[in-house]
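Chain identifiers are assigned alphabetically (A, B, ...) following the order of the sequence lines, protein sequences preceding nucleic acid strands; residue numbering begins at 1 within each chain.
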Amino acid sequence: MADDRKLTPRSEDFAAWYNEIVQRAELADYSPVRGSMVIRPWGYGIWERMQRALDDMFKATGHENAYFPLLIPMSFIEKEKEHVEGFKPELAIVTHAGGKELEEPLLIRPTSETVILEMFGKWVQSYRDLPLLINQWANVMRWELRPRLFLRTAEFLWQEGHTAHASAEEAEEETLRMLGVYRDFMENWIGMPPITGLKSESEKFAGAVRTYACEALMQDNKALQAGTSHFLGQNFSRAADFTFQSEAGTEEYPWSTSWGVSTRMVGGMVMTHGDDDGLVVPPRLAPTQVVVVPIYRNDEERSATLAKAAEVEARLRDDGVRVKVDGRDHLNPGAKFYEWERKGVPLRVEIGPKDLEKGSLCIARRVVPEGEKRKVFPAEAEALASIPGRLDALQTDLRDRAVARREENSYRGVSDWGEMKEILETKGGFVYTGWSGDPAVEARAKEELKATIRVIPGEEFRSDTAPDRCISGEGAAAHEVVWARAY
RNA sequence: CGGGGCGUAGCGCAGUCCGGUAGCGCGCCUGCUUUGGGAGCAGGAGGUCCCGGGUUCGAAUCCCGGCGCCCCGACCA
């Protein structure tokens with residue numbers, strides 16, 4: 001960077017911009033262990049807001065939290081053939097403990113289906129014990145070859161929901177319900193509107209019957225898989241020899257689901273809303289929604305503006321606003337402005353001698369509406385009263401802008417391979433086409449275009465006119481699919 | 001695992017080609033003056049120059065061997 005106070009612009013080098021913003025907004029830092037990161041208070045505060053909102057949504061849909069162990073016996077994961085095939089390359093395995101080599105290696109969970117279903121088997125005897133609706137907040141480890149802060153780290157934080165049901169229909173319903181919860185959360189809390197749908201066979205979770213996913217489009221027009229919900233059929237209950245007695249008296253394997261979202265969503269938030277000045281945190285996720293900066297030239301003004309700042313803080317806190325006064329004396333106001341803008345705090349209230357004199361407050365907005373100025377100067381009472389509404393409006397505005405950007409960069413009705421190639425190699429974005437269902441077409445796209453089918457879109461995201469031919473030119477379209485380059 | 005880049009003060013870097021005992025900016029500490037968009041001045045603290053060997057009177061610099069990190073790719077339920 002020419003000026004190390006400024007970020008590399010997104011247009012110049014999006015990856016560099018992303019790395020700089022994550023560190024300079026103090027979201028996270030590299031740790032001594034390659035592939036692992038330290039989540040700093042500002043980043044963790046955002047994750048905590050995400051957790052709280054999601055946890056409420058899980059509880060509201062009947063789930064309870066539990067906690068299962070970090071270490072899983074090697075033999076457990078080997079019980080489900082596809083599962084172990086899928087995960088083996090990225091497992092971290094503990095072979096020694098207590099100064100001795102272990103008889104059976106223990107793996108650090110990459111996900112917990114195997115151990116959770118094993119335990120479910122001990123707890124469930126009858127259909128009356130079903131459904132079992134469990135979630136856990138945990139860390140997992142997948143030894144990724146190429147880590148990226150938040151987007152792909154060896155260790156990451158997530159939640160994994162695991163449920164068991166007496167019927168396939170009920171389990172499928174649960175799978176879709178949680179996909180909907182994720183979508184709702186991403187739209188209304190992160191302001192990161194995903195498209196949702198089914199994964200193709202080649203992209204589904206190892207061991208699942210069907211995988212549904214939320215796919216969001218980042219500002220560089222690459223897709224981010226932001227959450228998945230799996231219908232596991234009876235695969236994992238069979239592997240764990242988990243059975244129950246049905247109402248009819250027969251012994252059956254339950255139908256299970258699993259679903260997860262992770263700290264990757266923090267990366268998605270960065271790449272959805274951040275700009276060349278820094279991070280933009282949606283109000284509902286911001287650990288601090290309003291920062292109050294006092295401005296003064298002498299001790300008298302200092303005490304007067306600090307007193308007013310405390311008053312403003314108390315008033316906003318009463319209104320349920322997360323507010324903080326930045327009373328640091330060794331920084332001048334400009335330095336504070338830049339810092340809080342870089343960290344993405346939605347609103348700033350500036351209080352100086354002129355405001356005290358006029359009985360007004362300065363409200364500076366992190367995101368400036370088109371054609372307007374950053375700062376407005378309403379009378380104090382009006383300013384304070386307006387803040388909750390301003391936060392709500394920004395929350396909605398961020399989402400609406402993201403929806404608009406997603407749609408502007410979605411290309412429907414593409415029927416020619418060359419056209420798809422042209423889009424993916426230049427602008428990027430979501431490309432909707434027909435697909436015969438032949439995996440060879442996916443393989444070709446991956447090789448030639450570095451693109452994959454992100455989802456077979458759910459009904460609501462499908463085009464008005466269903467494509468009739470496969471994008472390969474060979475055969476009829478079995479589905480409409482969405483292609484993109486992805487993280 | 002392939003390609004590229006980089007390891008020198010907390011951070012960002014120069015110095016390395018051409019060997020001579022370590023420097024710049026930011027940050028940090030103290031004081032004074034400042035404070036409405038990244039303050040100024042003065043004084044100050046801070047370094048196994050990634051590690052190990054070798055060459056040399058002398059190595060951040062040259063030679064050999066390691067290690068680590070970042071980026072691009074392969075891979076990524």
Indicate, with a heavy-atom threshold strictly under 4.0 Å, whether [X] touches base, sugar-phosphate, or nothing.
{"X": "K375(A)", "result": "base"}
{"X": "R348(A)", "result": "base"}
{"X": "A208(A)", "result": "nothing"}
{"X": "Q225(A)", "result": "base"}
{"X": "P110(A)", "result": "nothing"}
{"X": "R342(A)", "result": "base"}
{"X": "K446(A)", "result": "sugar-phosphate"}
{"X": "Y30(A)", "result": "sugar-phosphate"}
{"X": "R148(A)", "result": "nothing"}
{"X": "G86(A)", "result": "nothing"}

Whole-angstrom distance between [N] and [M], as gauged at atom [atom1]:
{"N": "G27(B)", "M": "G10(B)", "atom1": "C1'", "answer": "7 Å"}
{"N": "G52(B)", "M": "C6(B)", "atom1": "P", "answer": "23 Å"}
{"N": "C63(B)", "M": "G19(B)", "atom1": "P", "answer": "11 Å"}
{"N": "G47(B)", "M": "U8(B)", "atom1": "C1'", "answer": "8 Å"}
{"N": "G37(B)", "M": "A42(B)", "atom1": "C1'", "answer": "27 Å"}
{"N": "C50(B)", "M": "C13(B)", "atom1": "P", "answer": "14 Å"}
{"N": "G38(B)", "M": "C71(B)", "atom1": "C1'", "answer": "29 Å"}
{"N": "A14(B)", "M": "C49(B)", "atom1": "C1'", "answer": "13 Å"}

W143(A): what forms a ring pair (Phe, Tyr, Trp, His ring centres under 6.0 Å) with it, not counting sequence neighbours?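 For W143(A) there are no ring pair (Phe, Tyr, Trp, His ring centres under 6.0 Å) partners, ignoring immediate neighbours.
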
For C70(B), take OP1 and OP2 only and decide whether either is under 4.0 Å from a side-chain N or O of N19(A). no

If you measure from the ring centre of F337(A) to the centre of the six-membered ring in the base of G37(B), is it under 5.5 Å, with the planes under 30° apart? no

Under 6.0 Å between ring centres, would you say that holds for H162(A) and F68(A)? no

Return the residues of residues 292-313 of chain A meeting this criterion: a heavy atom under 4.0 Å from some atom of RNA chain B. Order them by number, or give none. I295(A), Y296(A), R297(A)

Looking at the base of G37(B), is there any donor atom on it, or on the side chain of E341(A), that sits under 3.5 Å from an acceptor on the other one?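 Indeed there is one.
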
5' priority, RNA chain B, between S202(A) and L145(A) [closest heavy atom]: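 It is L145(A) whose nearest nucleotide is closer to the 5' end.
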
Side-chain donor-acceptor distances from residues 480-487 of chain A under 3.5 Å, at least two apart:
| unit_1 | atom_1 | unit_2 | atom_2 | d |
| --- | --- | --- | --- | --- |
| E480(A) | OE1 | S463(A) | N | 2.8 |
| E480(A) | OE2 | S463(A) | OG | 2.5 |
| W483(A) | NE1 | T433(A) | OG1 | 2.8 |
| R485(A) | NE | L449(A) | O | 2.8 |
| R485(A) | NH2 | L449(A) | O | 3.1 |
| Y487(A) | OH | D220(A) | OD2 | 2.5 |

Check this for me: does any side-chain nitrogen of one of R342(A) and E26(A) sit under 4.0 Å from a carboxylate oxygen of the other?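 Looking at R342(A) and E26(A), the cut-off is not met.
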
So, K375(A) and E350(A), do they make that salt bridge, N to O below 4.0 Å? yes

Nearest to the side chain of A335(A) - C71(B), G38(B), C28(B)? G38(B)

Of the non-hydrogen atoms in S200(A) and E442(A), which two are nearest, and what is the gap between them?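 Minimum heavy-atom contact is OG-OE2, 2.5 Å.
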
Given the options E82(A), E80(A), E78(A), K88(A) meets salt bridge (Lys or Arg N to Asp or Glu O under 4.0 Å) only with E78(A)

